[in-house]
Structures are given as structure tokens and as C-alpha cells.
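Note that ligands are numbered from 1 as they come in the structure, with each ligand's atoms numbered from 1 the same way. What you see below is based on every heavy atom in this structure, not just the backbone, and it leaves out hydrogens, waters and symmetry mates.
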Amino acid sequence: MEASHIQATGSALFGKKGRSIPCSSPSIVAHRCRNQSFSKILAVMAPSRSPQRPTSTTGSVKHAMTMTEKILARASEKTKLEPGENIWVNVDVLMTHDVCGPGTIGIFKREFGENAKVWDREKIVIIPDHYIFTRDERANRNVDILRDFCLEQNIKYFYDIKDLGNFKANPDYKGVCHVALAQEGHCRPGEVLLGTDSHTCNAGAFGQFASGIGNTDAGFVMGTGKLLLKVPPTLRFIMDGEMPSFLLAKDLILQIIGEISVAGATYKSMEFVGSTVESLSMEERMTLCNMVVEAGGKNGVVPADETTFNYLEDKTSVEYQPMYSDENARFVHDYKFDVSKLEPLVAKPHSPDNRALARECRDVKIDRVYIGSCTGGKTEDFMAAAKIFLASGNKVKVPTFLVPATQKVWMDLYGLPVPGSGGKTCSQIFENAGCDTPTSPSCGACLGGPRDTYARMNEPQVCVSTTNRNFPGRMGHKEGQIYLASPYTAAASALTGFVTDPREFLQ
Ligand SMILES: CC(C)[C@H](C(=O)O)[C@@H](O)C(=O)O
């Protein structure tokens, strides 16, 4: 098979329990390596910036490729390809949710027939998450349509919710699809994940090619497992320098989008490298990749490393093969950042590239704070907010809404001790600070939703939010004003009632 050339020197297979199998000759080496320790193999494999690291290359090294190109080459059974080429890609995972699932299913049935079977019942992941806790009948019906379809097709991964009154009574229910995909082990290096949601790019944090697609494309994938894709050229973002204690990945991506604009990466891959990126946790890498689409990017990728493999260790038993850019791969442009010099940022209304320093917006009086969504509703996002509340010891001055992304995040808020708090959980710290009680996990008011959605902006208010978009009307009211910010900045702003630089509380 042509694709085996891509697996040459320095690439590796990872499988059950995180074992890596360098595959310069896959079958032979896989066997030989079984006795090596995990850490020893990683020393050869992990994409450290040391010059000794062998880059993964194509069979011939004559045709250097970026990691995105390599993933797409493998998925299209080619040895090489060029940006701009149209290729048929074999999809590893297709994700859909309650907003786009019914449309996708409708197209699948129309094009393939009422009695057609999906291409692979184990590769389709269906996650109700958007408009869940609402009395809106059409929204409720969307979830029913997903349930009927999953039953009919015997879909293996359907994270259902039936009891809307108590999310905990639904053990299968997860919450926000992008976070659930990661937590449930569907994000794997070297694979192709397509989803009917623009923030599907979130999974690029795992070194996966992950991109949002429309319902028509998704209907086609559902029937065939394939999609015609144009190979994107790659922009590289090199982030070096020690990350100051008052910054989070949200600041990094707001910095980038402010730099290149909301159209700056249109139909391009964004590859994030550098010592700062390597130092980020998986959740922080997700925040970085999640907002790639806000710069127009087709996908974002972080090279998989020990942090990735450790995260995946207890989450998947599927074998995967990380891909890494060749040393002489072609990048359209390199953007370099000294992260040690950056400051906390916000994106002012009404565009994610309307960048400003948080400290320069101290005169902006706010009405509320929202912490949640695929971008800013993960466990570490809440831990960060709790750190600020703990440091201040004061109460919030504006209503502060907390929407955990998933059921697991919700449990973490009630179960994990916040470092340096003497054993307090996030939920206790939030209660002491006077925040609203963390609500049921879902996309919540990130994109407005039906009028009865928790924390929806039904008035023309000003909100500091850890979400991803601040377009007019995004969180409800069309005259609402949204300042996108990190969880640090959001918590600091909640404490003062103005847009606030978190250094006011962290130093
Ligand atoms: C509903 C869905 C199609 C949409 C998206 O694709 O991004 C939503 O998740 C959003 O964040 O705006």
C-alpha cells in the first residue's frame, strides 16, 4: 500500500496503554519494541526541540511535508501531496450534534435511501450538547431524532440525555461535544476527525486533522466514510519563552487572531510549535486549537508529545500514529512570539480579532461574567477562575454564571481540590465568592440558544466571557456586548465589575 511509505523513519504507532511502536518497518519494529519502556521509546519519539530528535519523514525525504499534509496523505492513501490538491480522504471519526445531526441524517436518508446503513457504526459519534436544557419543543425534538437514528443504526457512541430535569440521571450524557470527544478518547494523533461544528478544530490539540464540515458533506461521510478535501497550506506559529503566571492559552490565541485577523488563516492549517506550546497541558492546547476557526483556519495542530500520550493513556485502546512536520516542510509563513512579553488580552465587541490589552479596558463597566463553553468551560478553566477568587477573598460584583462543558467537568468542580486552597473545591470557592451555582453541562448561552437557556443575554448587557465568539447577538440580545477573555481575566472582572487585568489579583 502506498501509504506505508509515510510511516517511515521516526514515525510511530501508539496503541493500547500508550505503548509506542516506531515503524520504520512497521511489522518487524513493532515486535522488537514491545520490550522497551514507554519513556525510552518516547525519548526517541517525542517532538522535543532537541536537534537529536529524528523528524518523521516521508519514504524518500525528497518530498517534505507538514504534519497536516502527512495526515491527509495517510488518509488518502498517497505517499505525497501538495497544498491545493483535492483528495479523497478516509474519515476516522465523524461527529454530529443536536443542531446539525437531524439535517445530516435527513441528507443521508435522502441520498442513500430510507433503509441505508451508515458506513461504520463505530466511527460515528453523536453528542447532544447545544440546546438541551430548554422547553423549546423543536430543540427537544432534535435530540429525539438523534436517539431514533442511533437506535435504528445501532450507533456505538451516542451520548444520550433523556431526563432533562436532572442531568446526573443520564449516565451516558456528556455535554459539549469537543470536550467530550477528548475525554472519551475520540481524539487521536494522526487521524482525521470531521464534525458538523466549526469548533471541531479543537481536536487538533492531539495532532489530529480535525475540521468542521456542513451537513451535506456530513451526510455524504455518513454513507461513504469519505470526503473530498482540498489540502490546506500551513501557517506556523512558533511560541517560545516562559509563559507568565497571569496568562492562559486564551491570551495566546487572542494574540494570534488579533495579529492575523479573522480572515488571516482562511482555509489554512495553523501549526503551533515552540517551547511554550510544549509546556501547555492538553486542555490549554485545546483552547489554542479551538479558536483556529475564528481566524478562518481549516484546522489547527499541535504535534503530539508525552503530554498527549499521557492524556490518552487511559482513554483509548485504538492504535494511532502521530505525524510530525519534516524539517524542510514548506510553511506559508512563520509567526514568532516571545510569550514572556505578552499581557492579558480581551477581544472587544464585536469580533474575535478586536484585540485590546485587558488593562486598557479598565473603564468598561460590565453587567455579568460567563465562564463556560468548549473554549472556556473545561476543568482547568474553572480552576484558573477559582485561583483568582481565592487570591482575592472577595465577593463578585456582578452575576457570574458557571457552565461546565461536560458532566466530568461538573464532577471535577465538586470533587477536585484547588491547589493552594487547603483542600477546597472549585464549587466551594465559587460559592464563597458569590457566583451562581455551576449549572448543567452543555453549550449553554455561548451561542444564545432558546430564550429560556440558562444565562442567555436577554437584555442589552455587557458581558466578559470565556467563550469564542462576540458577534452581535451571539449570546442572545443583538445589542449585547461581549468581551472575550481568559478565565483569569473573566474572574478578575467579576470581582471588580469592570474589565480587569488579572495581575490585580495575582501579584
Ligand atoms: C451550532 C453550530 C453549527 C455552531 C458552529 O458550527 O460553530 C456552534 O457550535 C457555534 O459555536 O457557533
Heavy-atom contacts under 4.0 Å between Cys100 and ligand 1: side chain, backbone, both, or neither? side chain
Among all protein heavy atoms, pick the one closest to atom 5 (C) of ligand 1 and tell me residue, atom and distance. Ser198 OG, 3.3 Å
Determine whether the side chain, the backbone, both or neither of Asp197 has a heavy atom under 4.0 Å from any heavy atom of ligand 1. both
Per-atom filter on ligand 1: closer than 4.0 angstrom to a heavy atom of Leu447 are 1 (C), 8 (C), 10 (C)
With a cut-off of 4.0 Å, which atoms of ligand 1 are near a heavy atom of Arg474? 10 (C), 11 (O), 12 (O)
Taking the six-membered ring for Trp, are the ring centroids of Phe158 and Phe149 within less than 6.0 Å of each other? no
Applying the side-chain hydrogen bond (donor to acceptor under 3.5 Å, both in side chains) test to His97, which of Thr104, Asp129, Asp197 qualifies? Asp197
Any side-chain heavy atom of Cys446 within less than 4.5 Å of one from Asn468? yes
Are side-chain heavy atoms of His186 and Met95 found at a separation under 4.5 Å? no
Just checking, any donor-acceptor pair under 3.5 angstrom between side chains of Arg469 and Ser198? yes
Would His130 count as being in polar contact with ligand 1, using the rule that some N or O on each side must be under 3.5 angstrom apart? yes
